There are 2 protein chains.
Amino acid sequence: MSSHEQAQPTPEQEQFTLLMRGLGTRTVVYQQNVAASLGLYNNDFLSVDILREKGPITAGELSKLTGLATGSVTALIDRLEKNRYVRRQNDPNDRRKVIIVPLYENKEDVIDTYLPLHTAMVTLAASYTDEELALISQFLGKASTVLDEQIDHLSSTTRSKSSS
Amino acid sequence: MSSHEQAQPTPEQEQFTLLMRGLGTRTVVYQQNVAASLGLYNNDFLSVDILREKGPITAGELSKLTGLATGSVTALIDRLEKNRYVRRQNDPNDRRKVIIVPLYENKEDVIDTYLPLHTAMVTLAASYTDEELALISQFLGKASTVLDEQIDHLSSTTRSKSSS
DNA sequence: TGTTTATATCTCTTCTATCGAGATATTTGA
DNA sequence: TCAAATATCTCGATAGAAGAGATATAAACA
């Protein structure tokens with residue numbers, strides 16, 4: 001094959017992309033089910049998930065990460081604050097900003113809901129050797145990076161769209 | 001370790017589950033961006049994705065797969081039919097049923113939107129040997145199966161929930 | 001320092017996806 | 001044949017989200 005140009009995907013590579021899409025579809029459905037199970041709206045739960053990974057961020061950053069309008073994020077934070085998933089905190093360095101701090105106390109219902117998946121995933125992981133699991137984990141990190149790049153790309157191109 | 005009981009996840013296994021959650025969060029955000037880019041509502045695009053994988057299914061099956069109420073699915077199909085993503089077809093064997101047939105002609109905008117991700121994923125796949133890619137693909141299939149089971153589990157338990 | 005511009009969040013209105021209950025049509029089984 | 005079950009659709013009510021503008025603070029500049 002050529003040096004860095006991928007001429008044509010092999011059947012194995014195409015199969016791989018199909019599996020990734022299938023996993024993606026299932027992931028979305030699963031996350032929506034988790035949200036419903038917790039009594040949260042989809043974007044509310046998505047925000048909880050983002051905050052879990054990123055830690056405290058400002059309302060504006062959450063707006064960018066979720067793609068929601070700032071007005072929608074204000075209402076979203078109100079709901080999460082009422083349910084004690086997060087609390088607002090003023091930024092002493094910039095008093096315009098509102099930092100959303102995730103609260104994990106009293107939130108074992110999230111853990112409970114995730115527990116069956118977590119258990120199943122650990123079982124799946126245990127079926128691989130250390131080397132295999134390391135390869136898979138390394139792959140997952142790279143796939144996440146790819147998605148981050150694609151999200152960046154898509155959200156920037158979507159902003160500049162004309163009507164059909 | 002014991003025969004089939006997983007006593008305690010290893011750090012590598014915990015790291016793996018964290019990576020899976022991170023990938024899941026990014027997947028949801030990405031899919032929402034794709035939907036927005038195509039001018040579709042989230043569940044409309046999710047339905048297109050489900051239909052792409054499953055092929056023609058009935059409105060009731062789509063209701064179950066998406067978790068939407070049947071009345072919502074009716075409106076959803078109306079929108080997708082108007083945009084020529086699908087068409088309704090009567091089931092000759094059971095005239096109550098409505099089969100939703102995905103339409104792929106004139107839908108290269110979906111392909112276009114996915115193209116950058118597809119290209120990036122093929123490039124990622126090409127960075128692995130045949131054996132490594134086979135392992136990863138096998139893993140993706142198993143992870144999808146796990147998610148299917150978890151979705152089943154969650155959607156059944158969510159249906160029987162009392163208020164807090 | 002005083003003024004202008006930019007930024008961050010919030011408020012408020014409008015729109016519409018979704019739910020949920022009931023209606024309609026068809027099938028199944030007694 | 002008739003009742004019960006099933007599949008989809010209709011319709012009213014609710015509430016998440018967008019979008020524009022308001023408010024408060026910060027940064028830039030003279």
Side-chain angles (χ1 to χ4, degrees), chain A residues 28-29 31-33 35-48 56-83 85-101 155 158-161 163, chain B residues 28-29 31-33 35-48 56-83 85-101 155 158-161 163:
Chain A
V28 172
V29 172
Q31 298 261 35
Q32 292 192 171
N33 273 277
S37 175
L38 290 168
L40 294 177
Y41 299 104
N42 287 335
N43 281 316
D44 291 20
F45 175 66
L46 177 63
S47 300
V48 169
I57 56 177
T58 67
E61 286 171 321
L62 186 59
S63 168
K64 284 202 188 67
L65 289 170
T66 58
L68 293 174
T70 61
S72 307
V73 168
T74 297
L76 185 153
I77 301 171
D78 287 345
R79 291 190 298 269
L80 289 183
E81 201 167 35
K82 185 174 297 180
N83 295 343
Y85 279 95
V86 305
R87 67 178 171 80
R88 281 183 168 88
Q89 181 178 324
N90 291 330
D91 186 341
N93 294 19
D94 187 340
R95 285 166 46 202
R96 295 169 303 177
K97 292 187 178 178
V98 167
I99 300 176
I100 316 168
V101 182
S155 57
T158 301
R159 255 186 283 285
S160 55
K161 262 208 5 178
S163 60
Chain B
V28 172
V29 172
Q31 297 263 32
Q32 291 192 169
N33 273 277
S37 175
L38 290 168
L40 293 178
Y41 298 105
N42 287 336
N43 281 316
D44 291 20
F45 176 66
L46 177 63
S47 299
V48 169
I57 56 178
T58 67
E61 287 171 322
L62 185 59
S63 169
K64 283 201 189 68
L65 290 170
T66 58
L68 293 174
T70 61
S72 308
V73 169
T74 298
L76 185 153
I77 301 171
D78 287 347
R79 291 191 297 269
L80 289 183
E81 200 168 35
K82 185 175 297 180
N83 295 343
Y85 279 95
V86 305
R87 66 178 170 80
R88 281 184 168 87
Q89 181 177 323
N90 292 329
D91 186 340
N93 294 20
D94 186 341
R95 285 164 47 200
R96 295 168 304 177
K97 292 186 177 177
V98 167
I99 300 176
I100 316 166
V101 182
S155 58
T158 300
R159 253 186 284 285
S160 54
K161 261 213 357 183
S163 61

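Since we're looking at a predicted model, the values are computed, not measured. Residue numbers start from 1 in every chain, and the chains themselves are labelled A, B, ... in the order their sequence lines are given, proteins ahead of strands.
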Nearest 0.5 angstrom please: [X] [atom1] to [Y] [atom2], how far?
{"X": "A:L76", "Y": "A:L46", "atom1": "CG", "atom2": "CG", "value": "9.0 Å"}
{"X": "A:R79", "Y": "A:N43", "atom1": "CZ", "atom2": "CG", "value": "8.5 Å"}
{"X": "B:I57", "Y": "B:S47", "atom1": "CD1", "atom2": "OG", "value": "8.0 Å"}
{"X": "B:I99", "Y": "B:D91", "atom1": "CD1", "atom2": "CG", "value": "4.0 Å"}

Rounded distance in Å - [atom1] ([X]) to [atom2] ([N]):
{"X": "B:L62", "N": "D:dA7", "atom1": "CG", "atom2": "P", "value": "14 Å"}
{"X": "A:Y41", "N": "C:dT18", "atom1": "OH", "atom2": "C1'", "value": "10 Å"}
{"X": "A:R88", "N": "C:dA8", "atom1": "CZ", "atom2": "P", "value": "16 Å"}
{"X": "B:I77", "N": "C:dA17", "atom1": "CD1", "atom2": "C1'", "value": "15 Å"}
{"X": "B:E61", "N": "D:dA7", "atom1": "CD", "atom2": "P", "value": "9 Å"}
{"X": "A:N90", "N": "C:dC10", "atom1": "CG", "atom2": "C1'", "value": "13 Å"}
{"X": "B:I100", "N": "D:dC9", "atom1": "CD1", "atom2": "P", "value": "8 Å"}
{"X": "A:I99", "N": "C:dT9", "atom1": "CD1", "atom2": "C1'", "value": "13 Å"}

Just call it for [X]: base, sugar-phosphate, or nothing, with non-hydrogen atoms closer than 4.0 Å on any strand.
{"X": "B:S63", "value": "nothing"}
{"X": "A:G71", "value": "base"}
{"X": "B:N43", "value": "sugar-phosphate"}

Would you indicate which nucleotide in [options] comes nearest to any side-chain atom of [X]?
{"X": "A:L68", "options": "D:dA17, C:dT18, C:dT27", "value": "D:dA17"}
{"X": "A:T74", "options": "C:dT18, D:dT8, C:dT11", "value": "C:dT11"}
{"X": "A:S72", "options": "D:dA18, C:dC19, C:dT18", "value": "D:dA18"}

Can you check whether any acceptor in the base of C:dT7 is under 3.5 Å from a donor in the side chain of A:R96, or vice versa? yes

Quick check: on DNA chain C, is the nucleotide nearest A:D94 upstream (toward 5') of the one nearest A:D78, or the reverse? Name the residue that is more 5'.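 Result: A:D94.
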
Between B:R95 and C:dA25, is there a side-chain N or O to OP1/OP2 distance below 4.0 Å?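 For B:R95, the contact criterion (side-chain N or O under 4.0 Å from OP1 or OP2 of C:dA25) is not met.
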
Close side-chain approach of B:L40 to B:N83, heavy-atom, < 4.5 Å: yes

Residue whose nearest DNA chain D nucleotide is more 5′ - B:V98 or A:P92: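 Result: B:V98.
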
